[in-house]
Amino acid sequence: METLQEKEQSTAMPRIGDAAPEFKAVTTQGDIDFPEDYAGNWVILFSHPADFTPVCTSEFITFAHLEDKFNKANCKLVGLSIDGLYSHIAWLRTIKEKIEFNGMKNIDVKFPLIEDISMEIAKKYGMVQPNESKTQAVRAVFFIDPKGIIRAIIYYPLSLGRNFDEIYRALIAMQTADAFNVATPADWNPGDDVIVSPAGSCGVAKERMDSNNEDLDCKDWFFCTKKMDKATVLDKILKKQ
């Protein structure tokens, strides 16, 4: 029976704002030293329950299909499950040779898939949730910035495939917030209005409400937005061709 200490270790997870836990691992693309090897890039580190499972297969096809899109946003993909390297290789070959999903086929998964038979890495990131499964990682997504800091975390249960539009949207939104010192409202996408930081003093609040600043649309002192066109956002964030 699992002890309380073992259970706590398996569910412990780093939090937003923490440095991404370091590890060295064997992957389908060779050895990696994480996050050091990815310094200067955003990284999406994600876990999946097991090789040769249908939901995971659909996700890997989708991630691999979108890899160039993520690369253009200065973001690398790194996958993990607690299966072994040879299982990974066999599964990825099967995906390329036999599986079609949503019109995508002959998909070559080029990003690294980590071997984690010991579950050491999965437990460092809290990817093993004992009440969901003691032997499989849940579908975790960690967004790690170019300085190795965790900026966002999304968790899905075993039965639920991820929404890749949302994963990409979140990545672009965080980069936009960093690049322009703004926040992004609910359902934001590039081209939508962004949120200006709330006024930090009564004087600034009054000035915002009394001014005729054409750049700001203030519904009240704490809720001001401004326009930011899609081209401005993407030109700043995406790599030039």
Side-chain angles (χ1 to χ4, degrees), residues 20 23 25-32 34-35 37-38 41-116 121-122 125-128 133 136-146 150-175 189-190 234 237-239:
F23 61 83
V26 174
T27 83
T28 52
Q29 298 294 323
D31 295 349
I32 63 171
F34 193 89
D37 288 348
Y38 295 89
N41 295 278
W42 283 78
V43 181
I44 290 176
L45 172 66
F46 68 98
S47 58
H48 70 278
D51 300 344
F52 294 101
T53 54
V55 177
C56 299
T57 297
S58 71
E59 292 186 318
F60 264 73
I61 289 173
T62 307
F63 254 139
H65 179 72
L66 296 173
E67 184 178 13
D68 286 346
K69 185 175 182 178
F70 281 99
N71 281 339
K72 289 175 183 176
N74 193 36
C75 181
K76 304 298 183 183
L77 305 176
V78 181
L80 177 148
S81 85
I82 59 177
D83 292 299
L85 180 63
Y86 297 126
S87 173
H88 287 346
I89 292 171
W91 179 47
L92 298 186
R93 288 186 62 183
T94 300
I95 286 175
K96 180 175 175 58
E97 296 170 1
K98 297 182 178 181
I99 308 298
E100 179 177 351
F101 172 70
N102 279 352
M104 297 174 284
K105 59 183 179 179
N106 301 318
I107 297 295
D108 191 6
V109 178
K110 298 177 182 177
F111 56 82
L113 175 52
I114 294 168
E115 173 187 77
D116 190 26
I121 300 167
Y125 280 82
M127 295 170 173
V128 178
S133 173
Q136 295 178 321
V138 296
R139 303 181 195 281
V141 185
F142 286 84
F143 298 78
I144 299 166
D145 72 15
I150 294 171
R151 298 291 296 277
I153 304 169
I154 307 175
Y155 269 60
Y156 298 79
L158 304 182
S159 62
L160 178 61
R162 284 165 264 227
N163 184 311
F164 289 82
D165 289 337
E166 171 59 14
I167 290 171
Y168 184 77
R169 187 196 77 90
L171 173 70
I172 297 300
M174 285 183 282
Q175 293 188 11
N189 277 290
L234 298 184
I237 290 173
L238 299 186
K239 293 180 181 178

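Because only heavy atoms are used, hydrogens play no part in the values below, and waters and symmetry mates are left out as well, while side chains stay in. Since we're looking at a predicted model, the values are computed, not measured. Here, residue 1 is the first one in the sequence, and each next residue gets the next number.
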Tell me which donor-acceptor pairs under 3.5 Å the side chains of residues 99-107 have, and how far apart each pair is, sequence neighbours excluded?
none

Grab the two heavy atoms, one from R139 and one from C56, that are nearest each other, plus how far apart they are.
NH1-SG, 3.3 Å
Any side-chain hydrogen bond (donor to acceptor under 3.5 Å, both in side chains) pairs touching residues 158-169, not counting sequence neighbours?
E59-R162, E166-R169
For A73 versus Q175, what's the shortest heavy-atom pair and its separation?
O-NE2, 2.9 Å
Step by step, work out the ring-ring contact (aromatic ring centres under 6.0 Å, His included) result for F60 and F111.
CA-CA 10 Å; F60 264 73; F111 56 82; 5.6 Å; yes
Looking at every heavy atom in both P112 and L77, which two are closest together, and how far apart are they?
CD-O, 3.5 Å
Which residue pairs pass the salt bridge (Lys or Arg N to Asp or Glu O under 4.0 Å) test when at least one of the two sits in residues 150-160, sequence neighbours left out?
D145-R151, R151-D178
Interatomic spacing from CG in L113 to OG in S47 - rounded to 0.5 Å
11.0 Å
Closest heavy-atom contact between A20 and F34?
CB-CE2, 4.4 Å
Going from NZ on K69 to CZ on F63, what distance comes out if it is rounded to the nearest 0.5 angstrom?
12.0 Å
Hey, what do you get for CG (L80) to OG1 (T27), rounding to the nearest 0.5 Å?
10.5 Å
Might you point out which heavy atoms bring S133 and L158 nearest each other, and give the distance in Å?
CB-CD1, 4.0 Å
Report yes if some heavy atom in the side chain of P190 is under 4.5 Å from a heavy atom in the side chain of I172; otherwise report no.
yes
Residues that P146 engages under side-chain contact (heavy atoms from CB on, under 4.5 Å), provided they are two or more places apart:
W42
Of all heavy-atom pairs between A64 and D108, which one has the smallest distance, and what is that distance?
CB-O, 4.1 Å
For a 4.5 angstrom cut-off between non-hydrogen side-chain atoms, does I144 reach Y38?
no
Pairs of donor and acceptor atoms involving the side chains of residues 85-97, under 3.5 Å and at least two apart or interchain, shall be tabulated with distances.
{"from": "S87", "atom 1": "OG", "to": "D51", "atom 2": "OD2", "distance (Å)": "2.8"}
{"from": "H88", "atom 1": "ND1", "to": "D51", "atom 2": "OD1", "distance (Å)": "3.2"}
{"from": "H88", "atom 1": "ND1", "to": "D51", "atom 2": "OD2", "distance (Å)": "2.7"}
{"from": "H88", "atom 1": "NE2", "to": "D83", "atom 2": "O", "distance (Å)": "3.4"}
{"from": "H88", "atom 1": "NE2", "to": "I114", "atom 2": "O", "distance (Å)": "2.8"}
{"from": "W91", "atom 1": "NE1", "to": "T57", "atom 2": "OG1", "distance (Å)": "3.1"}
{"from": "T94", "atom 1": "OG1", "to": "A90", "atom 2": "O", "distance (Å)": "2.9"}

In this structure, CD1 of I237 is separated from CG of N74 (nearest 0.5 Å) by 10.5 Å
When rounded to the nearest 0.5 Å, the distance separating CG of D68 from NZ of K239 is 10.0 Å
Report the C-alpha separation of I44 and K76 in whole Å, then their side-chain angles, then the decisive distance to 0.1 Å, and conclude whether the side chain to side chain contact (heavy atoms under 4.5 Å, CB included) test is met.
CA-CA 6 Å; I44 290 176; K76 304 298 183 183; over 6 Å; no
Who passes side-chain contact (heavy atoms from CB on, under 4.5 Å) against I154, sequence neighbours left out?
V141, F143, Y156
Give, for atom CZ of F70 and atom CG of L171, the distance between the pair rounded to the nearest 0.5 Å.
6.5 Å
